[in-house]
Asker: 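Okay, here's the structure, questions in a sec.
In what follows, chains are A, B, ... by sequence order, proteins preceding strands, each numbered from 1.
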Amino acid sequence: MFDLNRLNPQQREAVTHTDGPLLLLAGAGSGKTRVITCRIVYLLQQCGVPAEQLLAVTFTNKAAREMRARVEEMVGRRAAKGMVIATFHALCVRLLKSHIERLGYKKNFSIYPAADQQRLIRDLLREEVADAGANDAEQVLWRISEAKNRLLTADNYQANSRDPLSCLVALVYPRYQKALKAFNAVDFDDLLLLGVHLLERHPELLQHYQQQFRYQMVDEYQDTNPVQYRLLKLLAGGHGNLCVVGDDDQSIYAWRGADIANILDFEKDFPGTRMIKLEQNYRSSGQILSAANAVIQHNRKRRDKALWTTAGEGSPVEYLLAEDDEDEARLVMERIHVERFRRQLNYGDFAVLYRTNSQSRAFEEQLRYENIPYVLIGGQQFFDRKEVKDVIAYLRVLVNPLDEVNLLRILNYPKRGIGETSVDKIIRYSADRSIALWSVLKEVSQVPELNERTSEAVNGFVGLLERYRKRFQQPLYLVETLRALLAELKLAEEIYRQEKDLTAARRRIENQDQVSNAMSAYLDREPQPSLAGFLEKVSLLDDERPGRNDKEKKLAADAVTLMSLHSSKGLEFPVVFLVGMEEGYLPHKKTIDETFDVDEERRLCYVGMTRAEKQLMLLGARQRRKYGKLEQREPSRFLSEIPETLLLRNKSGGTEQSTAEQQEQSASQFFSGISQLLEDS
DNA sequence: GGGTCACCAGTTTTT
DNA sequence: CTGGTGACCC
């Protein structure tokens, strides 16, 4: 149970407003998660809504997990059972698992991650343009994704004759979609788009889900794109019991299709909306909030609101101007030492936030030099690593033999004597006759021009897969079967052969073992496990891989956090260093040049500032090494948007370089003084 | 099939 | 300056 009286008036109103559309404008640190979970508990306990009728949608698995955990904490596991808390993508996978056959796919469809998509597009592109590179594929893919996010199907895509890339897209998009279907595969954007198609084309399904999910909630609503919006509009149609929570000031994903208009125009889209603003902040001290408010108020198109706190003024926001990037990192280290001692803090209480990941380098070097533990968030994802993808590719083909991208990936890996020319012949045979590649492999003796040895190798490969497909039917022995497969494939030996660096080789083998560990964790958690189920979790990145629980990990490691401003959304730290406060970085030059969207950069700055609880330090450099040459830098315009009274400008960093400069400065003052004297006399 | 070299581009990221 | 890609050669 929970006590309504422990909520502030706005929070209480949000929790008890149950029916009809509700827009919650939840400022940074306003206790948003608490309100959502309390509202769920209120619906369950006070209104007696059955758990199965509750739907909560988030953007990340982490958010979904946390929300479920907090609800379970309050009402118990049993009472929360049946409630659907999922990401947009996971929700759509659920819909598609049951009904995708109505759209012409099979139940065991594969979900293609970006790398697989790109590979497929690159191959298709090469059929059109001989010298198409990986870069072109990436751009085409980007456009296709953009189109899908805007509900534009391959049939409806219109090329713009003035835009050569769009012409290429118009050519490749339909072929790409056809290939995916032939491979019984969908990409991430399809999950949402097909989900929408399903509901649009099958009114009885739509009605079923509208009735099932009688109360719906969406977190981070400012990040929704047009497909997601359509999906919500469909699902909430009828009863309109949709509660969206978000903050237009924290909309920082326009570049991947998020439409801020969704939150700005919510009342128009859902007549009868009740709007509640949560402006009381429970995170940051007064001066930090005032400075952040001052910056964000320079945005024109926004819901008027301002965060306030009863926590007191706290420490002033500081601005430290460093000489160069190295000096910037040194200044941060210096302050970490000072504040850690002064405030009795741990390393884990500090975060360094930057606009681009490449900015992390100087800080990593300095932290290593000073022997300070740190965690770097971002960078290569576990399931993006080649050796991991190899293992996953086997599993995908075992579940869905039509998955050609992955079939080709493993056909001759590890090497089993099926060379490139043989593969080409097999592919041509398959394409000419429109027979699935897998079927060709099963009847490989039909393919002419293949020598005995190659045919035997193919038969061995097919036999291996069929053997393991059977073994993987036993859900209780998934891990054992996977280990046996890895052993039989001798992947470790293959890695040792390829990788000269012994440590690197061991690490890659370790990564492969982690797949079995992830599977084992999945088995522990899942009441009805299956290989397909495991792959689904992997595809949605909803995995249990070691190091996933970053909160625990961070506590154990007690390390300074380094991450991009984008990744920092939703987090908080006692002390935040917002670095690279320079024109070109924040706001980023590319954004200004290409989309002119300074407002989004300002929101990014705002997100960074509002991560800080006790102390916020803004840093920038006078000059910076970029692409090998030294560049003069200008302070960010956002700095001048903070009133002088709220910004403590800290001129001298106290490092050797700035001291040297000070000496130089006083020396020149001395000489000018002397010459003045001489002139006077 | 693997290794080397030249060339090019260089924000942000989840699912 | 880096890292990634593709062409070319052994």
Asker: Taking only N and O in the side chain of Asn412(A), is any of them less than 4.0 Å away from OP1 or OP2 of dG1(B)?
Answerer: yes
Asker: Please confirm whether the ring centroid of Phe88(A) lies under 6.0 Å from the ring centroid of Phe59(A).
Answerer: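 When the ring centroids of Phe88(A) and Phe59(A) are compared, they turn out to be within the sub-6.0 Å range.
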Asker: Nearest to the side chain of Tyr627(A), which nucleotide is it out of dG10(B), dT12(B), dT14(B)?
Answerer: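 When the side chain of Tyr627(A) is considered, dG10(B) is the closest of dG10(B), dT12(B), dT14(B).
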Asker: For residues Trp255(A) and His566(A), establish whether the separation of their ring centroids is below 6.0 Å.
Answerer: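 Yes, close enough.
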Asker: What's the CG-P distance between Leu141(A) and dT13(B), to the nearest Å?
Answerer: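 Those two atoms, CG and P, are 17 Å apart.
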Asker: Both Ser567(A) and Gly419(A) contact DNA chain B. Taking the nearest nucleotide for each, which residue is further toward the 5' end?
Answerer: Gly419(A)
Asker: Any stacking of Trp255(A) on dT12(B), going by centres under 5.5 angstrom and planes within less than 30 degrees?
Answerer: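 Answer is yes, a stack.
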Asker: If you check the Lys415(A) side chain, which of dG1(B), dT13(B), dT11(B) turns out closest?
Answerer: dG1(B)
Asker: Does Phe59(A) reach a base, just sugar-phosphate, or nothing at all? Heavy atoms under 4.0 Å.
Answerer: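 Sugar-phosphate contact only - Phe59(A) comes under 4.0 Å of backbone atoms but never of a base.
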Asker: What is the separation between atom NZ on Lys626(A) and atom P on dT2(C), rounded to the nearest whole Å?
Answerer: 16 Å
Asker: Both Ser539(A) and Ile252(A) contact DNA chain B. Which one's nearest nucleotide lies toward the 5' end?
Answerer: Ile252(A)
Asker: Without decimals, in angstroms, what is the distance between Arg65(A) CZ and dT14(B) P?
Answerer: 13 Å
Asker: Check Asp593(A) with Lys590(A), please: is the shortest side-chain N to carboxylate O separation under 4.0 Å?
Answerer: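 Salt bridge absent between Lys590(A) and Asp593(A).
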Asker: Nearest whole angstrom, please: distance from the C1' of dC1(C) to the CG of Asp325(A).
Answerer: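 Asp325(A) atom CG is separated from dC1(C) atom C1' by 12 Å.
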Asker: Whole angstroms only, please: what is the CG-C1' distance between Asp189(A) and dT15(B)?
Answerer: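 Atom CG in Asp189(A) sits about 9 Å away from atom C1' in dT15(B).
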Asker: Using a strict 4.0 Å threshold on nitrogen-to-oxygen distance, state whether Asp325(A) and Arg330(A) make a salt bridge.
Answerer: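 Judged by the 4.0 Å cut-off on N to carboxylate O distance, Asp325(A) and Arg330(A) do not form a salt bridge.
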Asker: For Gln118(A) and dT15(B), give me the distance from atom CD to atom C1', rounded to whole Å.
Answerer: 16 Å
Asker: If the threshold is 4.0 Å, N to carboxylate O, is there a salt bridge linking Lys32(A) and Asp219(A)?
Answerer: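 Here Lys32(A) pairs with Asp219(A) in a salt bridge, since their nearest N and O are under 4.0 Å apart.
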Asker: Taking the side chain of Thr60(A) as its heavy atoms from C-beta onward, which of dG6(C), dT14(B), dT2(C) lies nearest to it?
Answerer: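 Taking heavy atoms from C-beta onward, the closest nucleotide is dT14(B).
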Asker: Between dT12(B) and Asn357(A), is there an OP1 or OP2 to side-chain N/O distance shorter than 4.0 Å?
Answerer: yes
Asker: Rounding to an integer number of Å, can you tell me how far Asp136(A) CG sits from dG6(C) C1'?
Answerer: 12 Å
Asker: Base, sugar-phosphate, or nothing: which does Arg361(A) touch, judged by heavy atoms less than 4.0 Å apart?
Answerer: sugar-phosphate
Asker: Under the side-chain hydrogen bond (donor to acceptor under 3.5 Å, both in side chains) test against Arg637(A), which residue among Glu582(A), Glu583(A), His298(A) passes?
Answerer: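 Only match with Arg637(A) under side-chain hydrogen bond (donor to acceptor under 3.5 Å, both in side chains): Glu583(A).
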Asker: dG10(B), OP1 or OP2 - any side-chain N/O from Ser358(A) closer than 4.0 Å?
Answerer: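 No, Ser358(A) has no side-chain N/O under 4.0 Å of OP1/OP2 on dG10(B).
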Asker: Between dT11(B), dT13(B), dT15(B), spot the one nearest the side chain of Lys590(A), thanks.
Answerer: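 The closest nucleotide is dT11(B).
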Asker: Grab the CG-P distance between Asp219(A) and dT14(B) for me, whole Å please.
Answerer: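 Asp219(A) atom CG is separated from dT14(B) atom P by 16 Å.
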Asker: Can His588(A) be classed as stacking with the base of dT11(B), given a centroid separation cut-off of 5.5 Å and a plane angle cut-off of 30°?
Answerer: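 Yes, His588(A) stacks on the base of dT11(B).
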Asker: Say you pick atom P in dT12(B) and the same atom in dT5(C); how far apart are they, in whole Å?
Answerer: 16 Å
Asker: Under 4.0 Å between a side-chain N or O of Asn61(A) and OP1 or OP2 of dT14(B)?
Answerer: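 Answer no for this pair, as no side-chain N or O of Asn61(A) is under 4.0 Å from OP1 or OP2.
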